[in-house]
Protein chains: 2
Amino acid sequence: MPADMQATAANDLISPDRREEVLAAAAECFMRRGYEATSMDDVADALGATKGRVYHHFRSKPELFFEVFRRAIFILIREAGVHETGPGHAADRLRRMARAHILCMMETQAFQRNLTLGVDLYRFGETSEEHKATLEDLMNLRRGYEDAFRRTFAAGAADGSMKALDPSLAMRTLLGAINWVAVWYSPRAGETRAHREKLAEEIVAQVLGGYLA
Amino acid sequence: MPADMQATAANDLISPDRREEVLAAAAECFMRRGYEATSMDDVADALGATKGRVYHHFRSKPELFFEVFRRAIFILIREAGVHETGPGHAADRLRRMARAHILCMMETQAFQRNLTLGVDLYRFGETSEEHKATLEDLMNLRRGYEDAFRRTFAAGAADGSMKALDPSLAMRTLLGAINWVAVWYSPRAGETRAHREKLAEEIVAQVLGGYLA
DNA sequence: GTCTATATTATGATAGAC
DNA sequence: GTCTATCATAATATAGAC
């Protein structure tokens with residue numbers, strides 16, 4: 001194998017991380033200023049670079065956003081969705097799903113905030129025909145994630161660990177309460193993972209158990 | 001009194017409604033496309049008019065947005081906040097507040113969605129010094145509205161109608177669940193007020209009572 | 001892989017006719 | 001009170017040097 005081919009192979013391995021840097025900077029900018037208000041120069045500034053670098057990794061601003069969006073869902077599925085299949089009653093599984101979801105809202109806030117943004121783009125979106133297909137795929141991923149909650153609510157009614165509620169509505173009110181964490185949460189100075197886990201469990205207890213005496 | 005002065009007085013009385021039209025169109029556009037993505041031409045198009053009309057009623061785009069924001073809070077305070085003082089236990093009052101809040105999310109969705117938008121502008125916003133003061137006022141109005149929920153949670157712990165929870169956290173999880181209604185709700189064709197009231201009550205029951213058996 | 005131009009287009013805001 | 005220009009600016013995206 002020639003030396004330059006080896007270098008190319010090495011670059012292929014490194015390249016994802018460079019991409020990752022751009023992606024993280026973009027997520028942060030999109031969260032702070034919103035999608036439209038964020039210019040490619042803003043993203044470049046956040047990297048301490050110029051537009052050239054951003055455009056080298058992502059063809060366009062929409063594609064950059066779509067990647068942020070995709071990453072946000074993948075994180076949720078990997079961290080929270082997996083708990084759908086697990087030990088215990090449906091209520092126990094839902095508790096673990098909600099707890100993990102909340103931790104994602106706190107620890108990957110920048111990515112998660114953009115998930116809501118993308119949903120609006122889809123609902124009202126005046127997007128090009130080309131991007132519409134991509135967006136459709138992403139929305140299906142998200143719907144799949146939501147379905148895990150819907151199914152768990154139905155399972156809870158079946159195994160008696162939860163009330164018999166409309167699963168779709170329950171999914172929406174529960175996800176609303178815990179998605180909102182990404183809206184108000186701000187990390188405190190010197191905050192530890194244990195701190196966040198305690199907060200997450202307090203939220204889960206309030207939301208699943210209700211507020212009434 | 002000369003005839004033209006009378007005409008001016010009449011115009012003063014009519015003028016608020018014309019302003020209102022612009023405001024409603026702006027709220028709709030801001031909701032659909034977001035604040036930055038919405039151009040003044042978009043707002044004008046939604047009115048079937050040109051920019052001239054928009055700029056006649058509002059000095060600038062930020063001022064237009066601030067008015068949408070202010071309207072959103074006023075509606076919430078008038079419709080839901082008033083139920084803080086009312087008959088019954090704290091749990092009953094909270095139920096009425098939540099129910100009214102949800103109906104606002106459904107019936108003035110365009111305005112309410114922009115409330116969240118404005119909060120972000122405040123948190124991360126790079127706004128001019130002049131607009132910062134206006135935004136500060138609006139945030140205080142919103143904080144005051146949230147305080148009504150905080151106080152009611154505390155009252156519920158005191159009068160025994162509700163669990164003894166951290167009132168600030170409870171306010172956030174509850175408002176999260178019911179604010180989210182504005183995100184997913186879409187009016188059905190031929191939907192009546194009674195329909196929405198039934199949905200609102202189902203949501204209140206789920207959220208206040210929790211999901212566990 | 002990153003930079004420095006640069007082309008092209010769209011937007012916020014204003015001036016002045018009607 | 002609304003319209004038709006028009007200006008100034010800023011942003012997306014590209015081309016080409018290094």
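Labels below follow one simple rule: chain letters A, B, ... track the order of the sequence lines, proteins then strands, and each chain is numbered from 1. Below, all heavy atoms of this structure are taken into account, side chains as well, without hydrogens, waters or symmetry copies.
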What is the distance, to the nearest angstrom, from the CD atom on A:E21 to the P atom on C:dG1?
13 Å
Does C:dG12 have OP1 or OP2 sitting under 4.0 Å from an N or O in the side chain of B:R59?
no
Tell me: CD of A:E36 to P of C:dA10, nearest whole Å?
13 Å
5'-most by nearest nucleotide on DNA chain D - B:H56 or A:P62
B:H56
Taking the side chain of B:Y55 as its heavy atoms from C-beta onward, which of D:dT2, C:dA13, D:dT14 lies nearest to it?
C:dA13
Just compare C:dC3, C:dA13, D:dT2 and give me whichever is closest to any side-chain atom of A:R53.
C:dC3
Atom-to-atom span, NZ of B:K61 to C1' of C:dT14 - whole angstrom
17 Å
Assess whether atom CD of A:E130 is packed by more than 12 heavy atoms of other residues, nucleotides or ligands within 6.0 Å.
no
Please list, chain by chain and in numerical order, all residues satisfying salt bridge (charged side-chain N to carboxylate O under 4.0 Å, His left out) with A:R33, sequence neighbours excluded.
A:D42, B:E126
Are B:F30 and B:R113 close enough that some pair of their side-chain heavy atoms sits under 4.5 Å apart?
no
Near DNA chain C, counting only heavy atoms under 4.0 Å, which residues of residues 37-52 of chain B show up?
B:T38, B:S39, B:M40, B:K51
Over-ring placement of B:K61 relative to B:Y35, 6.0 Å and 45° cut-offs
yes
Residues passing the side chain to side chain donor-acceptor pair (under 3.5 Å) test with B:D41, sequence neighbours excluded, are B:K51
How many whole angstroms separate atom CZ of A:R19 from atom P of C:dT2?
13 Å
For B:F58 and C:dT14, what is the distance between atoms CZ and C1' respectively, to the nearest whole Å?
18 Å
Min side-chain heavy-atom separation A:R19-A:H57 under 4.5 Å
yes
